[in-house]
Chemist: 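Quick one: structure below, then a few questions.
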2 protein chains.
Amino acid sequence: MTVVTGGVAGGVGDGVGGASAARPQLIREINERVLLDHIRRSGPISRTELAGLTGLSKPTVSAALSSLERSGLVHVTGQRTGVPGPAASLYEVRPEAGYVLGLDVGREFLRGAISDLSGSVRARLSVRTKAGDAMARIQELADLAVTLATEAGIQLTQLTQTVLGSPGVYDPRLDALTLTGRLSGWDSPATLAALRDRFGSSLMIENDIDAAAIAERVHGHGRNVDSFAFVSVGTGIGMGLVLDGKLRHGSHGVAGEIGYLPFTEGSGSDPRDARKRGGFDASASAAAVVRAARRAGVRGTSTAEKVFAAAARGDVVAAAVVAEEALLVAKAVCTVITVVDPDLIVLGGGIGQAPGFLEAVVKQLRQMAPVLPDVKASVLGTETVVAGCLAAGLDRSWQSLVGRTANSV
Amino acid sequence: MTVVTGGVAGGVGDGVGGASAARPQLIREINERVLLDHIRRSGPISRTELAGLTGLSKPTVSAALSSLERSGLVHVTGQRTGVPGPAASLYEVRPEAGYVLGLDVGREFLRGAISDLSGSVRARLSVRTKAGDAMARIQELADLAVTLATEAGIQLTQLTQTVLGSPGVYDPRLDALTLTGRLSGWDSPATLAALRDRFGSSLMIENDIDAAAIAERVHGHGRNVDSFAFVSVGTGIGMGLVLDGKLRHGSHGVAGEIGYLPFTEGSGSDPRDARKRGGFDASASAAAVVRAARRAGVRGTSTAEKVFAAAARGDVVAAAVVAEEALLVAKAVCTVITVVDPDLIVLGGGIGQAPGFLEAVVKQLRQMAPVLPDVKASVLGTETVVAGCLAAGLDRSWQSLVGRTANSV
DNA sequence: AATCGATTGGAAACTAACTTAACAATCACC
DNA sequence: GGTGATTGTTAAGTTAGTTTCCAATCGATT
C-alpha cells in the first residue's frame with residue numbers, strides 16, 4: 001500500500017553501481033520484453049516480421065510468443081492473407097490485459113480517463129468541482145472513477161494502475177505531499193491516507209506539470225529527443241524535466257519546481273504568494289501579470305489573457321508588461337539551460353502557449369544563454385495532464401506485468 | 001580519431017528506447033563484468049568468495065575467471081593459506097593491463113599523473129606553465145606526458161586512455177571546444193586538432209570542474225549518494241552535475257555552466273567578464289569579490305583570500321562583502337535545487353572551501369530553497385582535477401577492455 | 001487447372017551457459 | 001597421523017537460442 005511516484009525504475013545499475021549476476025532465464029526475460037515492445041509499437045505483426053525486427057530466430061520468437069500468450073499479454077488477432085504461402089498469424093497486445101485510470105485534480109476541474117493496455121481510451125470525462133475541502137475533493141475523484149469505470153464497462157478491480165496528476169510533489173523521504181500551493185489542505189497526511197484508501201495500492205501520484213511533460217514526451221514535441229524541459233507558465237509556474245527519456249523527480253521530488261527560483265525582481269510580486277509558491281511564481285505567474293498590468297495602468301486587465309490580447313492589439317503599455325514577462329521566463333529557461341542543457345525546451349501553459357510569446361522569450365534568450373537549444377510551444381491542450389497520467393500508468397503497468405510474467409514462467 | 005567526452009554511454013536504452021535482443025553469450029558478458037567489478041572493489045579475492053558475492057556457482061566462476069585471465073585483465077596474485085583445505089588462488093586486476101594519463105591544463109599550472117588499471121598512481125607531476133599561446137601550451141602538455149611516462153616506466157603507446165581536464169566544454173554537435181574563458185586561443189579548431197594529433201584517438205576532453213566532480217564522486221563526498229552537484233566557486237564559477245551516478249554534460253556540453261546564470265545584480269560585476277564567462281561568473285567569482293571589497297573600501301584587498309581573512313578577523317565591511325557573496329552562491333545553489341533537486345551539494349574552489357563560507361551559504365539557502373539537501377564543503381585539494389581525469393579514464397578503459405573481451409571471446 | 005515459388009510454422013540436432021551433485025586433493029588442528 | 005573443512009574439477013541435467021530441414025499452404029503463372 002505504498003504510493004509510488006514517477007519514472008519507472010528499470011535501470012540496470014551501471015557498471016560500478018551493483019549489477020547482479022545473470023542466469024540464462026534473463027535472456028528469455030529480455031527477449032520477451034523486446035518482443036513486447038515491438039508488438040506495442042508495430043501493431044498486429046507476424047512472427048516472421050518480429051524475427052526480422054529483433055534479429056531472433058523464428059523458433060525463438062515462436063517460443064517466446066507462446067509464453068507471452070499463455071500469460072495473457074498478447075493474443076492472435078487475425079491472419080494476414082493476400083501473399084503467397086500460409087496465412088501468417090498476427091499478434092497484438094491483448095487490450096484487456098490491464099486498464100489504467102488517469103486523473104487530473106485541479107482547483108476548478110477534475111478530469112479523468114481510462115485506457116486499456118493497448119493505449120486506447122475507453123472513457124473520458126471532465127467535471128467542474130464543487131468541493132470545498134480535500135476530503136470532498138477526494139470523494140469527487142472517487143465518484144469520477146466509478147463513473148468512468150461504468151462507462152468503460154469494467155470493474156474498478158480490473159485497474160492495474162491508477163495515476164493521479166496533482167499540484168504539489170511527493171517527497172519519498174517524508175512520504176508526504178508537499179508544496180501543493182493553491183490546493184488548500186491537499187498537503188496534509190490525511191489527504192494522502194484517504195487517497196491511498198480510496199485508490200488502493202496501485203496509486204501513483206505525479207505532479208501535474210510532470211504528467212504534462214510525460215504527455216509531451218509521448219505525444220508532443222518530446223517524441224524525438226531524449227532530454228527536454230517542459231516549462232509551464234500559467235496560473236502557476238513549473239517544469240517537468242525529462243533526461244535520457246526518463247522523467248526526473250529529484251531526491252525530494254522538487255526537481256522542476258522552478259516557481260522557487262530566486263528571482264524576485266519582478267514588478268508584480270505578491271509577498272504572500274512568494275512564501276507559498278516561491279518567489280519566481282509570485283513574480284511571473286498569470287496573477288503577477290495581471291497585477292503588473294494594473295499597476296502600469298492598462299485598462300481591462302481582469303485576466304492575463306486580456307493583457308496579452310491588449311498587447312497584441314497594439315497597447316504599448318500592455319506590450320511592455322508582456323515583454324517583461326518574456327524576460328522573466330527567459331531567465332528561468334536560461335537557468336535550466338545552464339544547469340542541465342537539454343536538447344529542447346517546450347513552453348506550455350496559458351501564458352507559455354500564448355501567440356507570440358515563444359518568439360519574445362527566444363529573443364531574450366539569444367542574449368543571455370550560453371547556447372540556444374530548440375524552443376517550441378506545446379501544441380497539447382486541456383487533456384494533457386490526463387494523457388500524461390495514462391502514459392505513465394501504461395508504462396508502469398507494462399513494467400509490472402512483464403516482471404510478473406518473467407517470475408512466473 | 002574522435003574526441004570523446006565524459007560519461008561512458010553504456011546505457012541499456014530503457015524500455016521503449018530500443019533495447020536489442022539477447023543471445024546466451026550476453027549472460028557470459030554480464031557475469032564477467034560483474035566478477036570484474038567485484039575483483040576491482042574487493043582486492044585479491046578467491047573463487048569461492050566471488051561465488052558467494054555474486055551468487056554464481058563455483059564452476060561458472062571458474063570458467064569466467066579463466067576467460068578473464070586469458071584476456072589479460074586479471075591474474076592470480078597469491079594463495080591464501082592458514083585455513084583448512086587447499087590454498088585458495090587469489091585473483092586481482094592485472095595492473096599492467098592498461099594505463100591512464102590524466103592531465104589538468106590551467107592558466108598557471110599544468111598537472112598530470114599516470115595510473116595503472118588497478119588505480120594506483122605510477123607517476124605524478126605539476127609544472128608551472130610558461131606558454132604564451134595555445135600551441136606552446138599543447139607542447140608543454142605533450143612534454144609533461146613524456147616525462148610522466150618515463151617516470152612510470154612505460155611507453156606512451158601503452159596508454160589505453162588519455163583524459164584532459166580543461167576549462168571550457170566540448171560541444172559534440174559542433175565538434176568544438178567552446179566557452180574556454182580565460183584560456184586564450186583554447187577554443188580554436190586548431191587547438192582541438194593539435195590535441196588530437198598529439199594524444200591520439202583515445203583522448204577524452206573533460207571540463208575541469210566536471211573532472212573535479214568525478215573525483216568528488218569517487219574519492220569525496222559523492223561516494224555514497226547517486227546524485228549530487230559539485231559547485232565550484234573560485235577564479236571562475238562552474239558546476240559538475242552527477243545524476244544517477246553519471247556525470248551529465250547536456251546536449252551542447254554546457255550543463256553546469258552556472259557562470260551563465262542570469263543573475264546580474266551583484267555589486268562587483270565587470271561587463272567585459274559578463275560577455276566572456278557569463279553574468280553570474282562576473283558577479284561572483286574571486287575577481288568580483290575583490291572588486292566589491294575594493295569598492296566598499298576594505299583595505300589590503302589584492303586577493304579574495306585576503307578579503308575572507310579580513311572578514312574572519314572581524315572587519316565588518318569585509319564581512320558584508322563575504323555575506324553578499326554567500327547570498328549569490330546560495331541563489332545559484334537554489335536554482336540547482338529547484339531544477340534537479342540532488343541528494344547533495346558539494347562546495348568547492350577557493351571560495352567554496354573557505355572556512356565559514358559553507359555555513360553562510362546554508363543560512364541563506366534555508367530562507368529561499370523549497371527543500372534543503374545535504375550541503376558539504378569539498379575536502380579535496382589541488383590534485384582533484386587530475387584525480388577526476390584518472391577516474392574517468394579508468395572507467396572508460398574498463399568499459400572498452402571488457403567490451404573487447406566480450407567480442408573476442 | 002495444374003504447377004511453381006514463396007512463405008509459414010514447427011521439428012531435430014547442435015551450441016552456449018548455468019546449476020547441482022559428487023569427488024579427489026589438500027591443509028590446519030587435535 | 002587422523003579428522004574435518006575447504007578448494008577446484010568433472011559429470012549430468014536444465015534453459016535458451018541457432019541452424020537446417022521439411023511439410024503444408026496459397027497466390028501467381030503457364
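The chains referred to below are lettered A, B, ... by the order of the sequence lines, with proteins before strands, and numbering in each begins at 1.
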Chemist: Check the distance between C:dT15's C1' and B:Leu26's CG and give it to me in whole angstrom.
Modeler: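 It works out to 16 Å between those atoms.
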
Chemist: In whole angstroms, how far is the P atom of D:dT6 from the CG atom of B:Leu90?
Modeler: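 Value for this atom pair: 16 Å.
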
Chemist: Go through the structure and list residues passing salt bridge (Lys or Arg N to Asp or Glu O under 4.0 Å) with B:Glu92, not counting sequence neighbours.
Modeler: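 Residues passing salt bridge (Lys or Arg N to Asp or Glu O under 4.0 Å) with B:Glu92: none at all.
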
Chemist: At under 4.0 Å between heavy atoms, what does A:Ser89 touch on the DNA or RNA strands: base, sugar-phosphate, or nothing?
Modeler: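 Sugar-phosphate contact only.
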
Chemist: Taking salt bridge (Lys or Arg N to Asp or Glu O under 4.0 Å) as the cut-off, I'd like each qualifying pair that reaches into residues 72-88 of chain B, sequence neighbours left out, listed once.
Modeler: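 Applying salt bridge (Lys or Arg N to Asp or Glu O under 4.0 Å) to every pair that reaches into residues 72-88 of chain B, excluding sequence neighbours, yields B:Glu49-B:Arg80.
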
Chemist: Can you name the residues that form a side-chain contact (heavy atoms from CB on, under 4.5 Å) with A:Ala21, not counting sequence neighbours?
Modeler: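 If we apply the side-chain contact (heavy atoms from CB on, under 4.5 Å) test to A:Ala21, skipping adjacent residues, the hits are A:Arg23, B:Asn31, B:Thr54, B:Leu56.
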
Chemist: Would you tell me if any nitrogen or oxygen in the side chain of A:Ser62 comes within less than 4.0 Å of OP1 or OP2 on C:dG9?
Modeler: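 Answer is no, no contact under 4.0 Å.
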
Chemist: Side chains of B:Ser120 and B:Ser118: any donor to acceptor distance under 3.5 Å?
Modeler: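 B:Ser118 vs B:Ser120: donor-acceptor pair found between side chains.
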
Chemist: Give the B/S/- string for nucleotides 17-30 of chain D, one per nucleotide from 5' to 3', where a protein heavy atom under 4.0 Å of the base yields B, of only the sugar-phosphate yields S, and otherwise -.
Modeler: SBB----BBBS---

Chemist: Provide, to the nearest angstrom, the distance between the CD atom belonging to A:Gln25 and the C1' atom belonging to C:dC18.
Modeler: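 Between C1' of C:dC18 and CD of A:Gln25: 8 Å.
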
Chemist: With sequence neighbours excluded, tell me which residues meet salt bridge (Lys or Arg N to Asp or Glu O under 4.0 Å) with B:Arg47.
Modeler: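 If we apply the salt bridge (Lys or Arg N to Asp or Glu O under 4.0 Å) test to B:Arg47, skipping adjacent residues, there are no hits.
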
Chemist: Can you check the B:Leu35 CG to C:dA17 C1' distance for me, whole Å?
Modeler: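 Taking atom C1' of C:dA17 as the reference, CG of B:Leu35 is at 13 Å.
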
Chemist: Is a side-chain N or O of A:Ser42 found less than 3.5 angstrom from the main chain of A:Ile39, in a donor-acceptor match?
Modeler: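 It does not hold such a pair.
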
Chemist: Rounded off to whole Å, could you give me the CZ-to-C1' distance for the A:Arg47 and C:dG10 pair?
Modeler: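 So the CZ-C1' distance, A:Arg47 to C:dG10, works out to 9 Å.
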
Chemist: Roughly, in whole Å, what's the span from CD in A:Glu69 to C1' in C:dG9?
Modeler: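 After rounding, the reported distance stands at 14 Å.
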
Chemist: Starting at atom CZ of B:Arg80, determine the distance to atom P of D:dT7, rounded to an integer number of angstrom.
Modeler: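 In whole Å, D:dT7 P and B:Arg80 CZ are 8 Å from each other.
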
Chemist: Sequence neighbours excluded, which residues qualify as side-chain hydrogen bond (donor to acceptor under 3.5 Å, both in side chains) partners of A:Ser89?
Modeler: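 A:Ser89 satisfies side-chain hydrogen bond (donor to acceptor under 3.5 Å, both in side chains) with no residue once adjacent residues are dropped.
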
Chemist: Using atom CG of A:Leu65 as one end and atom P of D:dA16 as the other, report the distance to the nearest whole Å.
Modeler: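 After rounding, the gap between these two atoms is 15 Å.
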
Chemist: Could you work out, with salt bridge (Lys or Arg N to Asp or Glu O under 4.0 Å) as the rule, every residue matching B:Arg122, not counting sequence neighbours?
Modeler: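 Salt bridge (Lys or Arg N to Asp or Glu O under 4.0 Å) list for B:Arg122, sorted by chain: B:Asp116.
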
Chemist: So for the helix from C:dA1-D:dT30 to C:dC30-D:dG1, with five pairs setting each end axis, what is the inter-axis angle to 10°?
Modeler: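 Computed from the C1' atoms at both ends, the axes differ by 10°.
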
Chemist: Sequence neighbours left out, what passes salt bridge (Lys or Arg N to Asp or Glu O under 4.0 Å) with B:Asp343? Give chain and number order.
Modeler: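 Per chain and number, B:Asp343 pairs via salt bridge (Lys or Arg N to Asp or Glu O under 4.0 Å) with A:Arg173.
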
